[in-house]
Visitor: 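My questions will all concern the structure given below.
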Number of protein chains: 2
Amino acid sequence: MDESNEKSSTPGRDAGVPKAVVNRLSLYLRELEHLLRGGQQTTSSHQLGRVLGFTDAQVRKDLAYFGHFGHPGIGYRCDELVAAIRRILGTDQPWTVAIVGVGNLGRALLGYRGFSERGFRIVAAFDTDASKVGSQIEGVEVFHVDRLAEVARAHRLRLGVIAVPAAAAQHAADQLVAHGIEGILNFAPVTLSLPDHVRRVGVDLAIELEQLTFAVANRLGGE
Amino acid sequence: MDESNEKSSTPGRDAGVPKAVVNRLSLYLRELEHLLRGGQQTTSSHQLGRVLGFTDAQVRKDLAYFGHFGHPGIGYRCDELVAAIRRILGTDQPWTVAIVGVGNLGRALLGYRGFSERGFRIVAAFDTDASKVGSQIEGVEVFHVDRLAEVARAHRLRLGVIAVPAAAAQHAADQLVAHGIEGILNFAPVTLSLPDHVRRVGVDLAIELEQLTFAVANRLGGE
DNA sequence: TAGATTGTTAATCGATTAACAATC
DNA sequence: TAGATTGTTAATCGATTAACAATC
């Protein structure tokens with residue numbers, strides 16, 4: 001929503017793929033991994049759609065944007081489709097990530113297991129607070145923001161996560177951009193101004209609650 | 001997308017309002033508050049659209065779903081529009097929230113200032129870990145999940161936030177639902193199965209990074 | 001073969017944009 | 001009055017769904 005939750009595609013070089021489709025791809029992937037853990041070998045557009053609340057036609061259409069992954073009469077082999085979606089999303093290869101801001105939220109993100117499970121490696125954290133700089137949190141070293149250039153180069157950093165207070169977010173973003181970061185996941189409740197070549201996803205925790213509130217108050221479909 | 005970030009409306013009793021519109025409403029609100037802090041009295045659909053990356057027509061159309069908030073020739077008075085959007089979203093009145101799960105993420109959420117700034121009051125936290133139960137975190141008491149019924153009644157709880165591990169999320173959701181919670185903000189990376197009358201919003205942190213990854217790898221519009 | 005399920009086309013539905021009269 | 005800007009209609013654009021031949 002927001003930064004966070006934009007709906008339609010505003011492509012650059014594009015591939016003709018609506019953002020909503022890519023979003024559902026992540027959900028398919030999550031569900032497929034869940035099915036695999038439960039020992040299920042194959043699934044169908046019907047099953048995936050039922051669990052996630054989509055029509056079977058939509059599931060098939062979404063996947064067909066990217067290729068032929070199914071087997072008529074059979075369905076989709078979970079492991080095949082997992083591999084295919086990972087390749088599409090780009091998470092078949094590891095991505096290095098840095099987190100800027102080691103407050104409550106930054107620390108929680110540093111300890112979040114889900115990132116590594118999904119192929120992301122948090123290789124560095126940054127802060128300006130001298131009492132934090134030099135420490136290790138969840139096995140990740142905390143650097144002063146001044147050392148961004150050096151660390152970004154050393155790790156070939158491509159993604160940055162902003163977990164600083166709102167007032168510091170634009171400055172943090174500028175520094176990330178200056179050092180070649182290509183994408184920013186922004187948890188600060190501000191609209192960042194970024195050059196066109198830098199991708200962004202925004203998550204505003206209060207806005208998520210706000211959206212839930214509206215859904216409850218109006219008995220709307222909540223997600 | 002996902003639980004998190006669904007695109008189109010799947011209404012219940014509905015009001016004919018697409019979910020994308022409600023989502024943008026939150027962004028307008030955030031921006032208007034930012035403008036007000038900067039001392040700006042009025043704004044226009046053109047200005048709001050430019051900052052947030054929408055067309056002016058879309059801004060006007062979104063707002064027009066709910067009433068006549070602008071002044072032809074003048075624009076929108078920021079304070080008026082803020083009040084109007086808060087009323088629409090339901091955040092002109094306080095909402096009590098409980099957080100289930102006091103791990104890294106739960107603790108970060110308990111300390112997140114943005115919630116109270118937006119009209120949410122976290123009145124209780126729950127966990128099953130005896131070493132946490134009875135303590136206070138960020139001024140919020142941690143109860144054993146067994147006391148959900150009692151606390152929910154005492155505080156007239158309507159919203160719950162799930163910040164437990166994936167394996168425990170469905171059980172946590174079931175308990176919240178059993179005690180009358182009307183909306184769930186789910187941070188666990190699972191698709192919850194919920195009765196129709198309960199609203200939900202899902203935020204999967206790894207999926208957000210995954211979406212960013214795709215945007216970077218494909219040079220797509222990032223948000 | 002009968003049953004299941006895909007990939008794809010055409011039809012439907014919904015959301016965004018452009019344009020403009022009305023208003024300040 | 002001239003300039004700015006809204007609210008709204010009609011036109012465009014895009015996304016979802018239904019249907020079905022092809023396949024296993």
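Here is how names work: the chains are called A, B, and so on, in the same order as the sequence lines, proteins then strands, and each is numbered from 1. Because the structure is a prediction, the values reported are computed rather than measured.
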Visitor: Is there a donor in the side chain of Asp174(A) and an acceptor in the side chain of Gln170(A), or the other way round, less than 3.5 Å apart?
Guide: yes
Visitor: Under a 3.5 Å cutoff, is there a donor and acceptor pairing between the side chains of Gln47(A) and Glu31(A)?
Guide: no
Visitor: Between Tyr76(B) and dG7(D), is there a contact of a side-chain N or O with OP1 or OP2 at under 4.0 Å?
Guide: yes
Visitor: Check whether any side-chain N or O of Ser45(A) sits under 4.0 Å from OP1 or OP2 of dT5(C), and answer yes or no.
Guide: no
Visitor: To the nearest Å, give me how far apart NZ (Lys19(B)) and P (dG14(C)) are.
Guide: 14 Å
Visitor: Rounding to an integer number of Å, can you tell me how far Leu48(A) CG sits from dA4(C) C1'?
Guide: 16 Å
Visitor: Tell me whether Arg219(A) is salt-bridged to Glu182(B), with the criterion being a basic N under 4.0 Å from an acidic carboxylate O.
Guide: yes
Visitor: Do the side-chain N and O atoms of Arg121(B) and Ser116(B) include a donor-acceptor pair separated by under 3.5 angstrom?
Guide: no
Visitor: What is the distance, to the nearest angstrom, from the OH atom on Tyr65(A) to the P atom on dT8(C)?
Guide: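 Distance check: Tyr65(A) OH to dT8(C) P gives 13 Å.
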Visitor: Quickly work out the Asp62(A) CG to dG7(C) P distance and round it to whole Å.
Guide: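 In whole Å, dG7(C) P and Asp62(A) CG are 12 Å from each other.
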Visitor: Between Glu33(B) and Arg86(B), is the closest basic N to carboxylate O distance under 4.0 Å?
Guide: yes
Visitor: Measure from the side chain of Ser44(A), starting at C-beta and using heavy atoms only, and say which of dG7(D), dT16(D), dT5(C) lies closest.
Guide: dT5(C)
Visitor: Can you find a side-chain donor-acceptor pair between Gln40(A) and His34(A) that sits under 3.5 Å?
Guide: no
Visitor: Using a 4.0 Å heavy-atom cut-off, write out nucleotides 17-24 of chain D from 5' to 3' as B (base contacted by protein), S (sugar-phosphate only) or - (no contact).
Guide: BBB---BB
Visitor: Evaluate the salt bridge (Lys or Arg N to Asp or Glu O under 4.0 Å) criterion for residues Glu210(B) and Arg118(A): first the C-alpha distance (whole Å), next the side-chain angles of each, then the deciding distance (0.1 Å), finally the verdict.
Guide: CA-CA 8 Å; Glu210(B) 215 167 62; Arg118(A) 284 279 178 132; 2.6 Å; yes
Visitor: For the pair made of CG in Leu63(B) and C1' in dT6(D), what is the distance, rounded to whole Å?
Guide: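 Atom CG in Leu63(B) sits about 11 Å away from atom C1' in dT6(D).
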Visitor: Once you round it to whole Å, what is the distance between C1' of dA4(C) and CD of Gln47(A)?
Guide: 14 Å
Visitor: Taking 4.0 angstrom as the limit, do Asp92(A) and Arg87(A) come out as a salt bridge?
Guide: no
Visitor: Please give, in whole Å, the distance from dG7(C) C1' to His46(A) NE2?
Guide: 18 Å
Visitor: Looking only at side-chain N and O atoms, does Thr96(A) offer a donor or acceptor that is under 3.5 Å from a partner on Arg158(A)?
Guide: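 Result is no, nothing qualifies.
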Visitor: Under 4.0 Å between a side-chain N/O of Arg24(B) and OP1 or OP2 of dT16(C), yes or no?
Guide: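 Answer is yes, contact under 4.0 Å.
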Visitor: Using the criterion of both pairing distances under 3.5 Å for Watson-Crick and G-U wobble pairs, give all stems of 3 or more consecutive pairs involving DNA chain D.
Guide: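 C:3-24 with D:3-24 - these are the stems of 3 or more pairs that involve DNA chain D.
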Visitor: Over how many whole Å does the gap from Leu81(A) atom CG to dT5(C) atom P extend?
Guide: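 Between P of dT5(C) and CG of Leu81(A): 15 Å.
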